[in-house]
Amino acid sequence: MELLKKTAVEQRKALLNKEVSALELVEETFKQIENLDDKIGAYNSLTKEYAIETAKKVDEKIAKNEELPLMAGIPLALKDNMNMTDSKTTASSKILENFVSPFDATVTKKLKENLVPIVGKANLDEFAMGSSNENSAFKIVRNPHNLNKVPGGSSGGSAASVAAYEATVSLGSDTGGSIRLPASFCGINGFKPTYGRVSRYGLIAFASSLDQIGPFGRCVEDIADLYMAIAGHDEKDSTSLNLEVEDVRKTLKDDIKGLKIGVIKELMAEGVSDDVRKSAENSIETYKKLGAQIKEVSLPLLKYSIGIYYIVATAEASSNLARFDGVKYGYRTKDAQNLLEMYTKTRAEGFGDEVKRRIMLGTYALSSGYYDAYYKKAQQLRRLVKNDFDNVFKDVDVLISPTCPTTAFDIGSRNEDPLAMYLTDIATISANLIGAPALSTPCGFDSEKMPVGLQIIGKNLDEATILRAAYNLEQALK
């Protein structure tokens with residue numbers, strides 16, 4: 001167990017020093033999964049054979065004193081909406097329950113090239129739609145810190161696997177906070193890079209202009225390493241940025257004296273729990289001691305982010321999910337008399353309630369007579385929110401706020417109130433709307449000993465500054 005509690009950086013060092021083999025590390029991880037995952041529910045499926053084969057290749061390289069690729073030998077959980085030929089890719093939906101992809105997602109391909117043992121496909125809210133990981137068609141995910149609490153969503157399985165030592169690192173996808181929120185609730189680090197920095201090719205789309213793949217890890221250094229392993233241009237993704245990726249590891253451990261940090265006024269106001277506010281204020285004081293300059297800033301249009309997001313995201317989801325119709329792949333109803341019945345019954349039986357709700361909202365927003373009033377107006381407001389952030393970033397280097405106004409809530413407590421569930425993402429959504437990089441890092445605990453996360457938002461393409469700010473805080477709070 002002590003081996004599993006080590007960070008990826010520490011595990012890599014142990015591998016290179018031949019203190020442990022990659023095979024031992026992978027086998028210990030599967031023992032932990034076997035002992036614990038019945039309670040946590042972090043995985044939809046395991047890829048044991050692939051992980052063991054990969055670990056053996058790593059051990060062969062170490063034995064021959066060959067150079068080891070970045071993250072080689074480190075057990076990883078892959079969110080189950082990223083294609084992998086060696087397993088099912090279900091998006092935690094009945095409609096894709098038995099789907100096996102004929103190709104790897106670009107991030108999966110990069111992990112394989114780096115000899116990363118992918119131990120399994122992590123559970124999620126169906127099609128990444130949710131904030132609590134209660135919307136999976138197969139099983140809910142529980143928070144490792146308290147099994148009666150949610151782990152956050154939609155990447156709850158990815159976050160819980162790392163927090164429960166069922167993987168050392170993991171990948172999730174973030175559409176409106178789906179990496180940062182689970183990271184906050186589970187007490188680990190979660191990072192959403194700039195939109196386009198990591199290829200979305202092979203990621204099952206929810207909202208194409210918002211989705212971004214990113215890493216989870218127990219320390220910031222692990223996040224930086226995994227980010228470097230998956231980032232870069234991909235000609236198969238038309239939204240992929242054809243720009244050189246800065247090596248964020250080179251400046252990670254530099255100090256932050258003189259760094260200008262803006263505290264978002266609106267996200268420290270009413271609605272934030274006392275424990276969360278206290279942890280955030282403690283982080284602010286820590287930053288001051290480290291030599292950073294703190295300034296309160298205002299983003300007046302931030303209050304519209306939830307409304308903008310749930311029009312844009314549902315409209316894009318409605319379009320993206322139209323392909324799941326029982327014709328090409330996935331589930332098909334057994335009870336249909338004609339083509340129209342096959343379409344409607346397949347989708348009615350295959351999709352869960354939350355997915356249906358979002359498809360209907362999105363279809364309405366895109367329908368004739370309502371497009372201009374809803375979708376077009378939401379996109380116009382989205383541009384104004386971006387302008388707000390651009391103006392603020394003229395005076396500061398990064399922005400900080402609580403990742404969520406509360407800590408993890410009880411399972412089932414918000415299921416009857418979709419609006420209350422949607423408001424969980426109030427602090428995280430704006431970074432997706434503007435495409436900016438953002439990270440959640442642990443900054444304390446509440447009175448129930450549940451983790452609190454601090455969100456750090458950076459300028460587009462400035463991943464290095466965010467990670468440096470997070471690393472310095474992490475070291476100071478140890």
Side-chain angles (χ1 to χ4, degrees), residues 1-8 25-48 51 74-82 87-88 90-93 117-126 128 130-173 178-190 215-218 222 404 407-415 424 440 442 445 448-451 453:
M1 187 61 183
E2 286 306 311
L3 176 62
L4 298 184
K5 289 185 177 181
K6 292 180 183 292
T7 64
L25 182 53
V26 165
E27 286 177 338
E28 283 297 308
T29 300
F30 279 114
K31 283 181 187 176
Q32 178 73 350
I33 293 170
E34 186 179 327
N35 292 334
L36 195 59
D37 204 55
D38 281 349
K39 296 176 183 176
I40 303 291
Y43 287 98
N44 283 338
S45 60
L46 299 178
T47 50
K48 192 170 185 177
I74 306 301
L76 176 142
L78 188 66
K79 189 173 179 180
D80 199 13
N81 61 348
M82 299 173 202
S87 72
K88 293 178 184 178
T90 70
S92 288
S93 178
I118 300 169
V119 297
K121 304 299 288 294
N123 200 350
L124 64 145
D125 282 303
E126 185 181 3
S131 304
S132 64
N133 221 143
E134 296 172 277
N135 294 332
S136 170
F138 309 130
K139 55 190 172 184
I140 63 172
V141 181
R142 296 177 181 271
N143 194 311
H145 292 269
N146 182 332
L147 297 180
N148 295 316
K149 304 275 188 183
V150 301
S154 64
S155 307
S158 297
S161 65
V162 174
Y165 308 108
E166 295 181 45
T168 306
V169 291
S170 65
L171 288 186
S173 63
S178 289
I179 289 174
R180 288 159 288 154
L181 185 67
S184 176
F185 282 7
C186 291
I188 59 173
N189 292 278
F216 287 97
R218 290 194 289 272
D222 288 359
C404 183
T407 52
F409 46 88
D410 290 342
I411 290 170
S413 63
R414 299 190 183 183
N415 287 348
T424 305
S440 179
F445 293 87
E448 295 182 23
K449 298 183 179 178
M450 296 303 294

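- Residue Gly217 comes nearest to Val169 through the heavy atom pair CA-CG1, 4.4 Å, listed as atom of the first residue, atom of the second, then distance.
- For the pair Pro451 and Pro442, the minimum side-chain heavy-atom distance is 4.5 Å or more.
- Between Val119 and Glu166, the shortest heavy-atom distance links the atoms CG2-O, 4.1 Å.
- A distance of 11.0 Å separates CG of Leu76 from CZ of Phe216, quoted to the nearest 0.5 Å.
- Looking at Ser161, Ser178, Cys186 one by one, the single match for side chain to side chain contact (heavy atoms under 4.5 Å, CB included) with Ser155 turns out to be Ser178.
- Between Ser136 and Val141 there is no side-chain heavy-atom pair separated by less than 4.5 Å.
- Asn123 approaches Gly41 most closely through the heavy-atom pair ND2-O, 3.3 Å.
- Ion pair Glu28/Lys31 flagged as a salt bridge, since at least one NZ, NE, NH1 or NH2 atom sits closer than 4.0 Å to an Asp/Glu carboxylate oxygen.
- Around atom NZ of Lys139, more than 12 heavy atoms belonging to other residues, nucleotides or ligands sit under 6.0 Å away.
- Atoms CG and CZ, on Asn143 and Phe409 in that order, are 10.5 Å from each other to the nearest 0.5 Å.
- Contact between Ser93 and Glu126 at its shortest, heavy atoms only, is OG-OE2, 2.6 Å.
- Scanning both residues, Ser184 and Gly453, for their nearest heavy atoms gives OG-N, 3.1 Å.
- Here the shortest heavy-atom pairing between Ala160 and Ala42 reads CB-CB, 4.4 Å.
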| task | Check the pair Thr168 / Arg218 against side chain to side chain contact (heavy atoms under 4.5 Å, CB included), numbers first and verdict last. | result | CA-CA 8 Å; Thr168 306; Arg218 290 194 289 272; 4.0 Å; yes

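- Distance check: Leu147 CG to Ile140 CD1 gives 10.0 Å after rounding to the nearest 0.5 Å.
- Remark: the Asn44 side chain and the Ser92 side chain contain an N/O donor-acceptor pair separated by less than 3.5 Å.
- Looking only at side-chain heavy atoms (C-beta outward), Asn133 and Arg142 stay at 4.5 Å or farther from each other.
- Taken to the nearest 0.5 Å, the OG1 atom of Thr90 stands 3.5 Å off from the CG atom of Asp80.
- Side-chain atoms of Thr424 and Arg414 include a donor-acceptor pair closer than 3.5 Å.
- In this structure, the side chains of Pro144 and Ile40 come closer than 4.5 Å at one or more pairs of heavy atoms.
- To the nearest 0.5 Å, atom OG1 of residue Thr407 and atom CZ of residue Phe185 are 7.0 Å apart.
- Although no hydrogens or angles enter the test, the distance criterion places no donor-acceptor pair under 3.5 Å between the side chain of Lys449 and the main chain of His145.
- Using modelled atom types, one finds no donor on one side chain facing an acceptor on the other under 3.5 Å when comparing Lys79 with Ser158.
- Taken to the nearest 0.5 Å, the OG atom of Ser170 stands 11.5 Å off from the CD1 atom of Ile118.
- A donor-acceptor pair is defined here as one N or O able to donate and one able to accept, closer than 3.5 Å; such a pair exists between the side chain of Asp222 and the backbone of Ala8.
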